[in-house]
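Structure first, then comments.
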Amino acid sequence: MRSTTGEGMFEVWAPQATELDVEYLGGRHPMTRREGGWWTVPGGEHGLDYAFHVDGHGPFPDPRTRWQPYGVRGVSRVYDHGRYTWGDQDWHGRDLRGSVIYELHVGTFSPEGTFRGAARKLDHLVDLGVDFVEIMPVAPVPGTRNWGYDGVDLYAVFEEYGGPDGLKSFVDTCHQAGLGVILDVVYNHLGPSGNHLARFGPYFKDFRGSYWGDAVNLDGPGSDEVRSYFIGNALQWLRDYHVDGLRLDAVHALHDSRAVHFLEELSAEADALSATVGRPLHLIAESDLNDPRLITPRDAGGLGLHASWNDDVHHAVHAAVTGETQAYYCDFGSLEALVKVLTRGYFHDGTYSTFRGRGHGRPATGVPGYRFVCCVQNHDQIGNRPEGDRMSPEQLWIASGLLLTSPFTPMLFMGEEWGASTPFYFFTDHFEPHLAEGEAERRAREFEGFGYDWKAPEPGDEETFLRSKLDWAELADDEHASLLGWYRDLIALRKSHPDLADPRLDRVRAWADEDRHFIVVERGRLRVVANVGERPVPVRLSPGATSVLLASDEGTRLIDGDVYLPPRSLAIVRV
């Protein structure tokens, strides 16, 4: 991988430019064109502000800027990774198998909305029993608040959160607390504000690759260096920031027709780096393709990613617990859908998708369950609802029981563990009037056909952001504290009973009674029994059923092999 601007050298790739200058300390300095369209000039000590001028236009930030202290409209600052002193020498990484992930948004997780504020809450996560913290994107974005998917200057870190040293300190603190860190990164598009990459080279194709922006040039002329730009970015987080894994946003929006797909190349580079640094490194795809080739090893003809999000599991649990069957939930309105995803991974494995109006997916034959990261809530599934509303605590008692006893890698969304009442809205802070004024309308268009009466708060209002912050005072309330205890007990039970963490889908048995609204999931010697109906039900398990290990309702009874479940409850029974 080509190096980037750092101590002693300015360099930038601009293959189509005829003249390129770097500006610093009040003067402009011409750069020399080198092989492959790279331009260089000596200079650039840590802390020095600088910018580039391309063919008389500028100033522009460095495409590989590591530090953007003035935001997306400001100049860059030289940053030397070697100046940070790490304290995680005893950290040797964490395996994804058997782990639980916790997703959070830095700006709304703590009152401060910073890396330092998030680090102050890590004791809560350690006590909860999770293994990885997954943080939503941290690249610079316009304004002071954003989900992170409008990021630009992808090698830098949002200054409002604490900048590059702030992220390193957060990762360092997580590792010393025994927590791995997964970083959400976006390579399928860049944000609409402050994106100057096209000034420097052929970073984009001439069509919109997705709803969110122009397609990245992964396979056209000049794409070798474009691919290196994004792969180098991924390796930076894993190497220089000691991050343990990357969540790759919407990989179905990556357009690449090469024989060796971008994701396969990235996987090979990440595995090579893992061998160098001596700790496991994980690549986790967000994809709606239901294509197991993403997570099939490269030597078996796959792309070699280590895991992928599985929306089918979310949809099946959500529909069963909430009763919602609109939009993409329309095919998941039966308990048989839940049975299928818990035993086979995908619901749509070549079946007809009513929402899409076509066949979708392929079977996940032979894929171990841990390669599917599954949730009952995440930033999208909450924030893409008009009111940003979460599941109720009553619903979470059952949904969490199904998730945390599943053969998959469970992921929680911040505040879920205590049934947070605060919404998680979609929010932005665009400074261009045409973007700020049209954001609400664009959101409404994006979700046409989803069955919502779209009456969402204005994304650009600061109050929309402030209302999305977690209210940690809720933990003092008995209802919230009780649910938190349930989550802690479920995670502890998962870690103490190998049957629950066993990722082999062919070892999972499940059956359901649609009329009486219950499902039974067999995990070795344990039975997970959920009553999603409004009436109590007796469920015949086995004369050998010996004890109720955990129950969401204290009214649960085990009598002669039958478990008696109160309405809307879940129990875990040993047989």
Side-chain angles (χ1 to χ4, degrees), residues 94-102 129-132 134 245 282 284-285 287 290-292 294-297 302 305-321 332 335-349 361-378 398-412 487 489-512 518-530 541 549-550 570-575:
R94 186 175 290 281
D95 201 321
L96 197 62
R97 290 171 291 189
S99 292
V100 179
I101 301 171
Y102 187 96
V130 301
D131 304 283
F132 286 95
E134 179 175 316
H282 311 288
I284 303 172
S287 171
N290 283 21
D291 186 354
L294 282 171
I295 49 179
T296 299
L305 301 183
H306 306 98
S308 71
W309 280 24
N310 184 331
D311 283 346
D312 283 13
V313 174
H314 168 272
H315 296 349
V317 174
H318 183 95
V321 172
F332 295 87
L335 288 177
E336 286 304 320
L338 184 55
V339 167
K340 183 174 181 179
V341 299
L342 290 174
T343 56
R344 295 168 62 179
Y346 293 137
F347 178 78
H348 287 304
D349 52 6
R362 65 188 299 165
T365 306
V367 176
Y370 81 88
R371 290 192 182 274
F372 292 122
V373 174
C374 301
C375 66
V376 297
Q377 297 188 123
N378 62 38
I398 304 175
S400 60
L402 291 168
L403 175 69
L404 289 165
T405 60
S406 75
F408 311 117
T409 297
M411 186 181 76
L412 315 179
Y487 269 80
D489 289 345
L490 280 170
I491 293 173
L493 191 69
R494 181 181 180 87
K495 292 179 181 295
S496 62
H497 285 75
D499 285 339
L500 294 181
D502 189 338
R504 291 171 291 185
L505 292 176
D506 61 356
R507 298 290 184 92
V508 183
R509 302 286 184 270
W511 54 279
F518 71 79
I519 182 173
V520 178
V521 186
E522 301 180 5
R523 306 297 321 276
R525 293 192 57 199
L526 303 183
R527 301 293 181 267
V528 181
V529 192
L541 292 180
L549 298 183
L550 205 58
L570 179 143
I572 302 168
V573 180
R574 188 198 304 272
V575 299

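Worth knowing before you read on, the calculation uses all heavy atoms, side chains too, and leaves out hydrogens, waters and symmetry mates. None of these values were measured; they are calculated from a predicted model.
Between Leu490 and Ile572, the closest side-chain pair of non-hydrogen atoms falls below 4.5 Å. Between Lys495 and Asp131, the closest side-chain pair of non-hydrogen atoms falls below 4.5 Å. Residues Phe408 and Val313 meet the side-chain proximity criterion, which asks for heavy atoms closer than 4.5 Å.
Leu96 and Ala307 make their closest contact through CD2-CB, 3.6 Å (heavy atoms, listed as atom of the first residue, atom of the second, distance). Of all non-hydrogen atoms in Thr296 and Pro292, the two that sit nearest each other are OG1-O, 2.7 Å. Closest approach of Ala530 and Ile398 over heavy atoms only: CB-CG2, 4.1 Å. Taking each heavy atom of Asp349 and Pro363 in turn, the nearest pair found is O-CD, 3.3 Å. Looking at every heavy atom in both residues, Ala316 comes nearest to Phe332 through N-CD2, 3.7 Å. Residues Pro410 and Leu404 approach most closely at CB-CD2, 3.7 Å, considering heavy atoms.
When atom types are taken as modelled, the side chain of Thr409 and the backbone of Tyr370 share a donor-acceptor pair closer than 3.5 angstrom. Judged by distance alone, the side chain of Arg525 and the main-chain N or O of Val575 form a donor-acceptor pair under 3.5 Å. Proximity of a side-chain donor or acceptor of Arg371 to a complementary backbone N or O of His306 within less than 3.5 Å is detected. Panel note: side chain His318, backbone His314; no donor-acceptor pair is recorded below 3.5 Å. Side-chain N or O atoms of Arg523 include one that pairs as donor or acceptor with a backbone N or O of Leu500 at under 3.5 Å. Side-chain atoms of Arg494 never come within 3.5 Å of backbone atoms of Ala501 as a donor-acceptor pair (strictly under, hydrogens ignored). Using modelled atom types, one side-chain atom of Asp312 and one backbone atom of His348 make a donor-acceptor pair closer than 3.5 Å.
Annotation: the span from Leu294 atom CG to Ile284 atom CD1 amounts to 13.0 Å, rounded to 0.5 Å. A distance of 9.5 Å separates CG in Leu342 from CG in Leu505, rounded to the nearest 0.5 Å. Distance CE/Met411 to CH2/Trp309: 3.5 Å, rounded to 0.5 Å. Atoms OG1 and CG, on Thr405 and Leu526 in that order, are 9.0 Å from each other to the nearest 0.5 Å. Atom OG of residue Ser496 and atom CD1 of residue Ile491 lie 12.0 Å apart, to the nearest 0.5 angstrom. We find the CG-CZ distance between Leu550 and Arg574 to be 12.0 Å, quoted to the nearest 0.5 Å.
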- Query: Please walk me through it: do Leu493 and Asp489 pass side-chain contact (heavy atoms from CB on, under 4.5 Å)?
  - Reply: CA-CA 6 Å; Leu493 191 69; Asp489 289 345; over 6 Å; no
- Message: Walk me through whether Leu403 and Val317 qualify under side-chain contact (heavy atoms from CB on, under 4.5 Å).
- Response: CA-CA 8 Å; Leu403 175 69; Val317 174; over 6 Å; no
- Task: Mind running side-chain contact (heavy atoms from CB on, under 4.5 Å) on Val373 and Glu134 for me, showing each step along the way?
- Result: CA-CA 12 Å; Val373 174; Glu134 179 175 316; 5.5 Å; no
- Show the numbers, then the answer: is there a side-chain contact (heavy atoms from CB on, under 4.5 Å) between Arg362 and Tyr346? CA-CA 8 Å; Arg362 65 188 299 165; Tyr346 293 137; 5.8 Å; no
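A perpendicular orientation is assigned to the rings of Phe132 and His282, their planes being inclined by more than 60° (bins at 30° and 60°).
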